[in-house]
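One structure is given here, and the rest of the page talks about it.
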Amino acid sequence: MTFVGTYYQGRAGIVESHRTLFEKHLKGTRLADEVLDIRFYGPDTAVVTGRGDTYKGSRPQKLTKIQSYTLVREADGEWRIAAFHNTKRKPLLEAISFRTAPGLVPAAARK
């Protein structure tokens, strides 16, 4: 699931869409990411939450997308992405919602 809401299904469709993206709109960019959390659901399943972004030039200080990956360990022992969701953060809307409804502030961000 892309941050604009496009849903791709199957490896071939995902590969084709990324090939097109990096040949056109994202040509010459690099990927930046950081892991925020990893939760294991048994020995062969994990959910990873992180931030990410594409960029040209210097790596951005603040990454504008929040992402979740569902990973599975397959029979060959390798971890593979079973599902990925990418959402563009809206810091201004987030700040407004936190100010008008403080209960929406994530527990980890409360001081």
Side-chain angles (χ1 to χ4, degrees):
M1 182 92 49
T2 70
F3 79 89
V4 297
T6 307
Y7 173 64
Y8 293 99
Q9 191 171 16
R11 186 174 185 86
I14 293 167
V15 168
E16 182 180 338
S17 69
H18 278 79
R19 184 173 290 125
T20 301
L21 264 177
F22 285 98
E23 287 173 354
K24 302 281 184 189
H25 304 295
L26 299 177
K27 188 173 185 156
T29 63
R30 300 186 68 175
L31 294 172
D33 65 348
E34 63 184 34
V35 173
L36 300 175
D37 184 52
I38 301 174
R39 287 174 283 147
F40 289 92
Y41 297 92
D44 300 317
T45 306
V47 173
V48 178
T49 305
R51 295 198 192 283
D53 225 327
T54 54
Y55 67 97
K56 288 184 180 183
S58 299
R59 187 183 195 279
Q61 293 291 322
K62 291 187 178 182
L63 303 178
T64 64
K65 297 175 185 92
I66 187 83
Q67 303 164 329
S68 62
Y69 299 80
T70 301
L71 304 176
V72 294
R73 186 178 358 222
E74 295 191 344
D76 63 4
E78 294 293 320
W79 287 91
R80 295 204 170 74
I81 300 169
F84 173 71
H85 189 117
N86 191 21
T87 301
K88 177 88 169 168
R89 290 188 69 224
K90 307 284 187 192
L92 178 60
L93 293 176
E94 197 175 57
I96 291 168
S97 69
F98 292 172
R99 182 172 291 257
T100 59
L104 294 175
V105 177
R110 294 181 196 151
K111 296 182 179 185

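This chain uses plain numbering: 1 for the first residue, then up along the sequence.
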*E16: partners by salt bridge (charged side-chain N to carboxylate O under 4.0 Å, His left out), with sequence neighbours left out*: none
*Could you pull out all residues at least two apart from Q9 that satisfy side chain to side chain contact (heavy atoms under 4.5 Å, CB included)?*
Y7
*Enter the distance from D53:CG to K65:NZ here, rounded to the nearest 0.5 Å.*
4.0 Å
*Apply side chain to side chain contact (heavy atoms under 4.5 Å, CB included) to E34 and list each qualifying residue two or more places apart in sequence or on a separate chain.*
L36, R51, L63
*Return each pair, listed once, that meets side chain to side chain donor-acceptor pair (under 3.5 Å) where at least one residue sits in residues 95-109; pairs must be two or more places apart or across chains.*
none
*Any pair counted as ring pair (Phe, Tyr, Trp, His ring centres under 6.0 Å), so long as it reaches residues 41-95, sequence neighbours left out*: Y69-F84
*Can you tell me how far the OG1 atom of T70 sits from the CZ atom of R39, to the nearest 0.5 Å?*
9.5 Å
_According to salt bridge (charged side-chain N to carboxylate O under 4.0 Å, His left out), who are the partners of R59, at least two apart in sequence or on a separate chain?_
none
*Transitively linked via ILVMFWY side-chain contacts under 4.5 Å: F40 with V35?*
yes
*asked:* According to side-chain hydrogen bond (donor to acceptor under 3.5 Å, both in side chains), who are the partners of R73, at least two apart in sequence or on a separate chain?
replied: D44
*Sequence neighbours excluded, every pair satisfying ring pair (Phe, Tyr, Trp, His ring centres under 6.0 Å) that has a member inside residues 87-110*: none
*Output the rest of the hydrophobic cluster of L26: all Ile, Leu, Val, Met, Phe, Trp and Tyr residues reachable through side-chain heavy-atom contacts under 4.5 Å, sorted by chain and number.*
L21, F22, L31
*State which residues pass side chain to side chain contact (heavy atoms under 4.5 Å, CB included) with T6; sequence neighbours excluded, sorted by chain then number.*
T2, V4, Y8
_Within this structure, what is the CG-OG1 distance for the pair L71 and T45, rounded to the nearest 0.5 Å?_
9.0 Å
*For atom CZ of R30, is the number of surrounding heavy atoms from other residues, nucleotides or ligands below 6.0 Å larger than 12?*
no
*ILVMFWY cluster, V48 and I81 together (side-chain gap under 4.5 Å)*: yes
_According to side-chain hydrogen bond (donor to acceptor under 3.5 Å, both in side chains), who are the partners of K90, at least two apart in sequence or on a separate chain?_
none
_For R19, side chain to side chain contact (heavy atoms under 4.5 Å, CB included) partners two or more places apart_ = V15, E23
